[in-house]
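Below is one structure, written out as structure tokens; comments come after it.
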Number of protein chains: 2
Amino acid sequence: MDTDPRQRLIASATALLTDEGVEAVTLRRIAREAGVSHGAPLRHFAGRAELLSAVATTGFAELRRRGENLPGSAPRERLLAACRAYLGFALDNPAMFELMFRHDLIDAAEPELASTNTAAFDHLSELVGAAQRDGWRAGTDRRLLTASLWAALHGLAELWLWGGLDGTRVRATLDVTLETYLG
Amino acid sequence: MDTDPRQRLIASATALLTDEGVEAVTLRRIAREAGVSHGAPLRHFAGRAELLSAVATTGFAELRRRGENLPGSAPRERLLAACRAYLGFALDNPAMFELMFRHDLIDAAEPELASTNTAAFDHLSELVGAAQRDGWRAGTDRRLLTASLWAALHGLAELWLWGGLDGTRVRATLDVTLETYLG
DNA sequence: GCCGCCTGTAGACGGCGTCTACGTCGCAGT
DNA sequence: ACTGCGACGTAGACGCCGTCTACAGGCGGC
């Protein structure tokens with residue numbers, strides 16, 4: 001059964017997020033969606049930021065899940081698939097992706113979020129490390145290389161979200177980025 | 001003299017932005033800062049988005065200005081300097097940079113903003129074109145290459161703003177990115 | 001001299017996050 | 001069996017916010 005009020009509120013918030021975007025996810029609308037009074041959410045979360053942090057945590061978990069079930073066996077092939085998975089996540093869940101990186105809406109210090117968060121980064125870092133052991137850019141510092149690659153993907157997603165890149169062109173641009181790093 | 005009320009409001013908003021961050025830039029606070037009543041700004045701007053768009057326009061203009069006075073004469077040298085300038089702008093004006101890419105706060109369709117905006121992109125595109133004519137990645141589509149490079153820089157700035165990269169590490173990561181693209 | 005526009009004021013409305021006081025169960029301890 | 005308490009929810013208030021409307025002064029052009 002799913003009578004845990006925390007989970008119900010997170011579910012309502014997530015539905016609101018994917019349906020109407022990040023601006024629609026207010027405490028009062030979440031409460032209405034869940035069929036409770038406007039003050040009820042504060043019985044289970046210290047404030048709006050804490051509830052949204054819980055929602056974002058599920059987003060990071062899903063992102064990490066996508067980064068684990070990767071096709072391919074060669075390290076560089078797997079790293080490439082992970083990069084495509086990152087952008088695929090952003091394209092499939094634009095509102096969630098936006099929320100996950102809105103530091104004014106969520107509390108980055110929230111422990112559960114922070115751990116899920118760094119876990120996703122560490123996973124990418126491991127893929128980079130495996131590719132390096134395979135001979136790809138072995139001379140570059142692993143953490144810096146991971147951050148650089150991550151930023152390149154992240155910027156692509158962010159610019160698409162912003163409106164600077166239309167949907168079809170973002171795929172072609174991703175190919176250029178991947179070719180630059182891994183070609 | 002600077003008695004143009006539009007300019008006064010933009011100046012107050014900019015001061016508020018750099019001093020207290022993007023969340024503090026509300027219409028009512030801008031009005032207070034400018035010493036007028038809370039409804040006065042709506043005499044000169046159709047709404048909050050239009051005022052913030054005007055502020056963001058000055059940001060894009062400053063960004064473009066930085067991209068013009070570049071050291072170096074060799075095309076690749078100039079392109080490299082432009083990339084450093086982009087990140088330098090973000091590091092120097094984090095709140096302005098954040099505002100410029102907050103599509104929920106500004107109106108991307110605002111004509112003056114859109115033109116200043118694409119002008120900055122076109123300038124970077126020209127630098128890329130010059131470098132290509134100099135033999136750098138001549139086989140890649142110029143627009144896609146420009147977008148890819150821009151995204152790599154933008155993501156770096158965005159992740160730093162988000163908190164994922166500390167200030168010193170962002171410089172080192174930028175070096176890795178530039179080495180990847182231009183090395 | 002009068003009209004109209006520019007600029008600004010003051011108040012209202014609904015929505016927001018948050019706080020507080022108040023209910024209402026169900027269940028554990030004596 | 002009664003009591004007390006903790007989990008859960010309600011209702012109202014407060015001070016923000018953006019926006020709308022009604023109103024007032026000031027000043028140049030007919």
Side-chain angles (χ1 to χ4, degrees), chain A residues 1-57 95 98-99 102-110 113, chain B residues 1-57 95 98-99 102-110 113:
Chain A
M1 200 68 94
D2 182 57
T3 53
D4 180 4
R6 269 182 74 100
Q7 294 305 319
R8 267 192 299 137
L9 289 167
I10 292 176
S12 298
T14 306
L16 217 39
L17 177 65
T18 61
D19 285 355
E20 304 190 33
V22 74
E23 306 159 41
V25 190
T26 69
L27 277 182
R28 293 171 112 102
R29 291 212 54 184
I30 296 168
R32 242 175 286 154
E33 194 84 3
V36 292
S37 70
H38 71 269
L42 294 181
R43 292 277 143 215
H44 307 281
F45 298 91
R48 189 194 181 200
E50 196 169 290
L51 206 172
L52 294 192
S53 295
V55 174
T57 301
E98 183 180 353
L99 173 66
R102 278 285 296 273
H103 62 280
D104 56 324
L105 294 183
I106 68 182
D107 179 15
E110 224 272 330
L113 189 152
Chain B
M1 202 64 99
D2 183 57
T3 53
D4 179 5
R6 269 183 74 101
Q7 295 305 318
R8 265 194 298 139
L9 289 167
I10 291 175
S12 298
T14 306
L16 216 39
L17 178 64
T18 61
D19 285 356
E20 303 191 36
V22 74
E23 306 158 42
V25 190
T26 69
L27 278 182
R28 292 171 112 101
R29 290 212 55 185
I30 296 167
R32 240 175 287 152
E33 192 85 2
V36 292
S37 71
H38 71 270
L42 294 182
R43 294 277 142 213
H44 307 281
F45 298 91
R48 189 193 182 202
E50 195 169 293
L51 205 173
L52 294 192
S53 295
V55 174
T57 301
E98 182 180 356
L99 174 65
R102 279 286 294 274
H103 63 281
D104 57 324
L105 293 183
I106 69 182
D107 178 16
E110 223 272 330
L113 188 151

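What's counted below: heavy atoms across the whole structure, side chains too, no hydrogens, waters or symmetry copies. Chain letters run A, B, ... following the sequence lines, proteins first and then strands; every chain starts at 1.
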Value in whole Å for how far the [atom2] atom of [N] lies from [atom1] of [X]:
X	N	atom1	atom2	result
B/Leu16	D/dC16	CG	P	15 Å
A/Gln7	D/dC8	CD	P	13 Å
B/Glu50	D/dG18	CD	P	15 Å
B/Arg32	D/dC17	CZ	C1'	10 Å
A/Arg6	D/dC8	CZ	P	11 Å
B/Leu52	D/dG18	CG	C1'	12 Å
A/Leu42	D/dT10	CG	C1'	13 Å
B/Ile30	D/dT19	CD1	C1'	14 Å

Scan [X] against the nucleic acid and name what it touches under 4.0 Å (heavy atoms): base, sugar-phosphate only, or nothing.
X	value
A/His38	base
A/Arg48	sugar-phosphate
B/Ser37	base

Are the side chains of B/Val36 and B/Arg43 in touch, meaning some heavy atoms are under 4.5 Å apart?
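A side-chain contact is absent here, since even the closest heavy-atom pair is not under 4.5 Å.
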By nearest heavy atom, map B/Arg43 and B/Gly47 onto DNA chain D; which one lands nearer the 5' end?
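Its nearest nucleotide being more 5', the pick is B/Gly47.
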Ignoring the backbone of A/Val36, work out which of D/dT19, D/dA13, D/dT10 is nearest its side chain.
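Of the options given, the side chain of A/Val36 lies nearest D/dT10.
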Could you say whether A/Ala24 or A/Gly39 is positioned toward the 5' end of DNA chain C, judged by the nucleotide with the nearest heavy atom to each?
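So the residue in question is A/Ala24.
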Before giving the answer on side chain to side chain contact (heavy atoms under 4.5 Å, CB included), spell out for A/His103 and B/Glu98 the whole-Å C-alpha distance, their side-chain angles and the decisive distance to 0.1 Å.
CA-CA 11 Å; A/His103 62 280; B/Glu98 182 180 356; 3.5 Å; yes
Here's a test for you: under side-chain contact (heavy atoms from CB on, under 4.5 Å), which of A/Leu105, A/Ile106, A/Asp107 qualifies with A/Arg48?
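One option only clears the test, and that one is A/Leu105.
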Which value, rounded to the nearest 0.5 Å, describes the distance between A/Ile10 atom CD1 and A/His44 atom NE2?
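Answer for the CD1-NE2 pair, A/Ile10 versus A/His44, is 11.0 Å.
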Range on DNA chain C touched by chain A, heavy atoms, distance below 4.0 Å
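Reading along DNA chain C, I get C/dC16 to C/dA21.
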Minimal non-hydrogen separation, B/Leu27 against B/Leu42, with atom names
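Reported closest heavy-atom pair: CD1-CD2, 3.9 Å.
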Judged by atom type as modelled, is there a donor-acceptor pair below 3.5 Å linking the side chain of B/Arg6 to the main-chain atoms of B/Phe45?
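Judged by distance alone, no pair lies under 3.5 Å.
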Might you work through the side chain to side chain contact (heavy atoms under 4.5 Å, CB included) test for B/Asp104 and A/Val22, ending with a clear yes or no?
CA-CA 9 Å; B/Asp104 57 324; A/Val22 74; 5.6 Å; no
